[in-house]
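I have placed the structure first, in the form of structure tokens, so that the comments after it can refer back to it.
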Amino acid sequence: MISTEKFCDYAKKYNLIIDNVYEIGSLHGHDAEKMRTPFNVKPSNVYVFEAHPTFSEEIKKNYPEFNVVNNAVSNKNGYIKFNAVEQDNVGISSLREYSKSMINKNEMNGHYHNLEYNQIEVKCVRMDTWIEENDIKSIDILKIDVEGCTYECLESFGLKLNIIKLMHIEAEHIECWENQILYEDIKKHLENNNFQLLDIVIAGPPWAKEQQSDSVWINKKYLE
């Protein structure tokens, strides 16, 4: 897949000024730190959104100068059910439940996940609302990894999507999460909002080779 280091190389290639870092769906905050370091971004200009309360607290402890927002990001404001995995494959915690068809495919091929969720209620925020409330003028570099909810996350920016310079997103090409929106619709949404694809890597296990992708997108106004 596309490493955080390679993602940052695109910002350098296009001579982007990087004064802030955003990560939505962080798990541990390490990628935000990797994005911050090559551009000498102040830790106080790093914003990490993590819905899982346990992980959010760990990020605060490990990176006390980061702005850690313990909210889910989706296309509505309010409260929402979150499927929190507390052990084993904790990275698959999501607003969505894992797809039953994918569970069956995994098990048929001897690949098992611990899918014992602790369903909790978490605060959910639209990014355009948060941006307005916090008077944010630019999002310079952004990573989104939200386990089946990438489309809704992008949709939540509304017209504020145009303040993003460069983004790295994870998306699915087959249904890994129940009722999710897949890559082709995500691609159309970004292209319709003046973003250009710079790089994509698609990967997965042998029985689902086009399961997920990492892709890098740039706001076209920074190509001029």
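Here the structure is a predicted model, which means the values were calculated and not measured.
Judged as a side-chain contact (heavy atoms from CB on, under 4.5 Å), and not counting sequence neighbours, the contacts of Ile163 are Ile131, Ile136, Ile139. The side chain to side chain donor-acceptor pair (under 3.5 Å) search around Lys187 returns Glu191, not counting sequence neighbours. For the salt bridge (Lys or Arg N to Asp or Glu O under 4.0 Å) test, no residue two or more places apart in sequence or in another chain qualifies with Asp214. Take Asn70 and apply the side chain to side chain donor-acceptor pair (under 3.5 Å) test, not counting sequence neighbours, and it matches no residue. Remark: Phe39 pairs with no residue by the ring-ring contact (aromatic ring centres under 6.0 Å, His included) rule, at least two apart or across chains. With sequence neighbours left out, Asn179 forms a side chain to side chain donor-acceptor pair (under 3.5 Å) with no residue at all. With sequence neighbours excluded, the residues satisfying side-chain contact (heavy atoms from CB on, under 4.5 Å) with Lys81 are Gln119. Judged as a side-chain contact (heavy atoms from CB on, under 4.5 Å), and not counting sequence neighbours, the contacts of Val46 are Val21, Ala32, Arg36, Val41, Val48, Phe66. With sequence neighbours excluded, the residues that form a side-chain contact (heavy atoms from CB on, under 4.5 Å) with Ser94 are Arg96, Glu147, Cys149, Trp177. For Lys60, the side chain to side chain donor-acceptor pair (under 3.5 Å) partners two or more places apart in sequence, or in a different chain, are Glu57.
The distance from the CE atom of Met127 to the CD1 atom of Ile144 is 8.5 Å, given to the nearest 0.5 Å. For the atom pair Lys76 NZ and Thr129 OG1, the distance stands at 13.5 Å (nearest 0.5 Å). The CG atom of Asn193 lies 8.0 Å from the CG atom of Leu159; values are rounded to the nearest 0.5 Å. With rounding to the nearest 0.5 angstrom, the CD1 atom of Ile18 is 5.0 Å from the CD1 atom of Ile141. Rounded to the nearest 0.5 angstrom, Asn219 CG and Lys165 NZ are separated by 10.0 Å.
Shown here for Tyr183 and Leu197, the closest heavy-atom pair between the two residues is OH-CD2, 3.9 Å. Closest heavy-atom contact between His28 and Ile59: C-CG1, 3.5 Å. The heavy-atom pair separating Asn67 from Ser44 by the smallest distance is ND2-O, 2.7 Å. Contact between Ala84 and His52 at its shortest, heavy atoms only, is CB-NE2, 3.6 Å. Across all their heavy atoms, Ile169 and Leu190 have their closest contact at CD1-CD1, 3.9 Å. Minimum heavy-atom separation, Leu161 to Phe195: O-CZ, 3.5 Å.
Judged purely by atom type and a 3.5 angstrom limit, Thr150 uses its side chain to pair as donor or acceptor with the backbone of Glu170. Proximity of a side-chain donor or acceptor of Asn20 to a complementary backbone N or O of Asp140 within less than 3.5 Å is detected. Not one N or O on the side chain of Lys160 forms a donor-acceptor pair closer than 3.5 Å with the backbone of Glu132. A donor-acceptor pair under 3.5 Å is formed between the side chain of Glu50 and the backbone N or O of Leu27.
Contact annotation: the side chain of Val73 approaches that of Val125 to within less than 4.5 Å [non-hydrogen atoms, C-beta and beyond]. Residues Glu175 and Glu178 have side chains in contact (heavy-atom distance under 4.5 Å, counting atoms from C-beta outward).
Between Phe49 and Trp130, the ring planes lie perpendicular to each other; the angle is over 60°, past the 30° to 60° tilted range.
For the salt bridge (charged side-chain N to carboxylate O under 4.0 Å, His left out) condition, the pairs that include at least one residue of residues 117-127, sequence neighbours left out, are Arg126-Asp128. For residues 145-165, the pairs satisfying ring-ring contact (aromatic ring centres under 6.0 Å, His included) are Tyr151-His189, with sequence neighbours left out.
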